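First comes the structure, then the notes that go with it.
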Amino acid sequence: MPELPEVETARRIIERELTGRRVVAVDLRLPKLFRDSEIRDPGMLIGQTVVCARRRAKVLAIDFDGELSLLVHFKLAGQLAVIRPDGARSIAGHPVPKPDGPYPHKSTHFDLRFDDGTIAHFSDIRQFGWYRLMPASQVQPAIDAFKFGPEGTGRDAITSTQLFAALQRRSIPIKQAILDQTIVAGVGNIYADEALFQARIHPQQPANSLSRALVSRLRDAIEWALDMGIAQGGAKIIHQRAYPQNDFPAVHGREGEPCIRCGGTVRKITVATRGTYFCPACQRLRKPKTNVTTV
DNA sequence: TGCGTTGTTTCACC
DNA sequence: CGGTGAAACAACGC
């Protein structure tokens, strides 16, 4: 489930492996992935060289000379696999297709082949993702249209003050609030669960019931979780089961398993229609003061 | 086989 | 206008 860390990993792979390389062939086997694209034919990219790769929230932008940019959103199950002529592989995003298996896989829908023989394979087992090819001048307007809030990590990461202000108007569960890309950009279901566990906040705590101190702790936890994800090159979740490295993810995808902090049992509930994992002992709901009858 | 899965958009409503 | 909650949508595997 590609979120900010998985998309950032893809961006770094593109920057490292593809910058300065010229496209010599394009193979789009599932044209509907470009259904919302201003330019429907990625064949336009042949002869163009990758200049850089950018990321805003979960949107990846690959800039080519010739003033064209390819925007990609991986949604549930997008994956990028870059394979060099010597066979070396760099993979980011969803764990299917298997990184050490054959490419193209049946869910590999789009390939870019470069002048040195490097191939970029774009896969999407669910086909929920999208690709949009547009003039470079259209990228900023296209990104602005999402109305993303500040990023959860990196330069210009959201501040505690900004997050607190945004939460003040909301009575929705805190988990739902941090999944709102207009509040903080880049957090998805996995990292929301991890950040809340790290900050010891119950996912159903009303957003506007958190003190400044707790919001500050949450902000730091969001940054920590995203950075941890980036450091690992993304989290590995297969069939709703986590494969943690260094105790991360700590709760997501670990229903019924012991909490790494208290040894209690990780539970799964539904919050705002999303599968939500947490430790009921470590993340207690801070009930608003019950108005005990006085006199 | 129907359900679960996600990010995003849209819509009705207050 | 803005917040909320629900529904819709994309499609597949178990």
Side-chain angles (χ1 to χ4, degrees), chain A residues 1-8 10 28-37 55-61 71-79 92-98 101 105-110 122-132 142-149 151-152 163-195 203-210 222 226 229 234-242 249 252-256 267-277:
Chain A
M1 282 132 254
E3 306 178 27
L4 185 155
E6 288 77 13
V7 181
E8 176 62 19
L28 175 59
R29 291 177 288 275
L30 192 62
K32 70 171 182 179
L33 295 179
F34 278 74
R35 61 183 165 265
D36 297 323
S37 182
R55 180 191 58 74
R56 178 73 170 103
K58 301 165 193 169
V59 177
L60 181 64
L71 263 58
V72 182
H73 199 305
F74 286 133
K75 290 284 186 95
L76 260 75
Q79 187 207 72
H94 197 269
V96 178
K98 286 197 316 197
H105 179 265
K106 63 180 176 184
S107 69
T108 306
H109 309 302
F110 178 47
F122 291 88
S123 304
D124 189 341
I125 195 171
R126 291 275 178 267
Q127 305 176 23
F128 285 3
W130 51 251
Y131 299 79
R132 294 171 61 191
I143 287 176
D144 289 345
F146 287 100
K147 301 189 185 333
F148 291 128
E151 297 273 316
L163 183 57
F164 185 80
L167 297 180
Q168 282 317 99
R169 294 171 281 141
R170 311 298 188 100
S171 59
I172 53 176
I174 186 60
K175 170 159 177 182
Q176 190 181 352
I178 61 176
L179 287 174
D180 183 339
Q181 303 297 298
T182 69
I183 294 180
V184 53
V187 178
N189 208 27
I190 298 169
Y191 297 94
D193 285 351
E194 294 306 307
Q204 284 172 318
Q205 190 74 34
N208 58 6
S209 74
L210 295 177
I222 289 170
L226 293 173
K236 193 175 171 191
I237 310 284
I238 302 174
H239 296 142
Q240 304 174 62
R241 221 66 218 177
H252 191 93
R254 296 192 60 247
E255 183 182 19
R267 296 296 179 196
K268 184 182 183 188
I269 61 175
T270 297
V271 177
T273 76
R274 296 289 177 249
T276 297
Y277 301 84

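Chain letters run A, B, ... following the sequence lines, proteins first, then strands; residues in each count from 1. This one's a predicted model, so the numbers in the text were calculated from it and none came from an experiment.
- In this model, the phosphate group of B/dG7 is not approached by any side-chain N or O of A/Gln181 to a distance below 4.0 Å at OP1 or OP2.
- Using five terminal pairs a side, the axes of the helix from B/dG2-C/dC14 to B/dC14-C/dG2 at its two ends make an angle of 50°, given in steps of 10 degrees.
- When each of B/dG7, C/dG13, C/dG5 is scored by its nearest atom to the side-chain atoms of A/Asn189, the top-ranked nucleotide is B/dG7.
- Counting any heavy atom pair closer than 4.0 Å across all strands shown, A/Gly129 reaches no nucleic acid atom.
- Between A/Gln79 atom CD and C/dC12 atom P there is a gap of 17 Å when expressed in whole angstrom units.
- Between the CZ atom of A/Phe146 and the C1' atom of B/dT6 there is a distance of 14 Å, rounded to whole Å.
- Taking atom CZ on A/Phe74 and atom P on B/dT5, their separation rounds to 23 Å, with Å as the unit.
- Rounded to whole angstrom, the span from the CZ atom of A/Phe128 across to the C1' atom of B/dT9 amounts to 14 Å.
- The nearest whole Å value for the distance from the CZ atom in A/Arg132 to the C1' atom in B/dT8 is 12 Å.
- For A/Glu151 (side chain) and A/Val184 (main-chain N/O), no donor-acceptor pair under 3.5 Å exists by modelled atom type.
- With the nearest nucleotide of DNA chain B identified for both A/Arg126 and A/Glu3, A/Arg126 has the one nearer the 5' end.
- Classification of A/Lys175 and A/Asp193 as a salt-bridged pair holds, one side-chain N sitting under 4.0 Å from a carboxylate O.
- For A/Arg169, the side-chain atoms get nearest to C/dG2 when compared with the rest of B/dT8, C/dC12, C/dG2.
- By the 4.5 Å heavy-atom criterion applied to side chains, A/Leu210 and A/Ile174 are counted as neighbours.
- Closest-nucleotide positions on DNA chain C for A/Arg274 and A/Pro173 were compared, and the one nearer the 5' end corresponds to A/Pro173.
- Scanning all heavy atoms of the two residues, the minimum distance from A/Val7 to A/Pro2 falls at CG2-CB, 4.4 Å.
- Between the P atom of B/dT6 and the CD atom of A/Gln176 lies a distance of 14 Å, rounded to the nearest Å.
- Considering all non-hydrogen atoms of both residues, A/Ile143 and A/Phe148 come closest at O-CD1, 4.1 Å.
- For C/dG3, neither phosphate oxygen OP1 nor OP2 lies less than 4.0 angstrom from any side-chain nitrogen or oxygen of A/Ser171.
- As a whole-Å value, the separation of A/Glu255 CD from B/dT5 P is 10 Å.
- Comparing C/dA10, C/dG2, B/dT8 against the side chain of A/His73 picks out B/dT8 as the nearest.
- Under the 3.5 Å distance criterion, the side-chain polar atoms of A/Gln181 are left unmatched by any main-chain donor or acceptor of A/Gly149.
- Per the geometry, NE2 belonging to A/His94 stands 12 Å off P belonging to B/dG7, to the nearest Å.
- Backbone-only contact: A/Lys268 has heavy atoms under 4.0 Å from sugar-phosphate atoms and none from a base.
- With sequence neighbours left out, the side chain to side chain donor-acceptor pair (under 3.5 Å) criterion links A/Ser37 to no other residue.
- Of the listed nucleotides (B/dG7, C/dG2, C/dG5), C/dG5 has the atom at the smallest distance from the side chain of A/Ile172.
- Listed pair A/Lys58 / B/dG7 meets the phosphate criterion, a side-chain N or O lying under 4.0 Å from OP1 or OP2.
- No salt bridge links A/Glu6 with A/Lys58; every basic N to acidic carboxylate O contact stays at or beyond 4.0 Å.
- Nearest-nucleotide assignment on DNA chain B puts the 5′-proximal partner with A/Thr270, out of A/Trp130 and A/Thr270.
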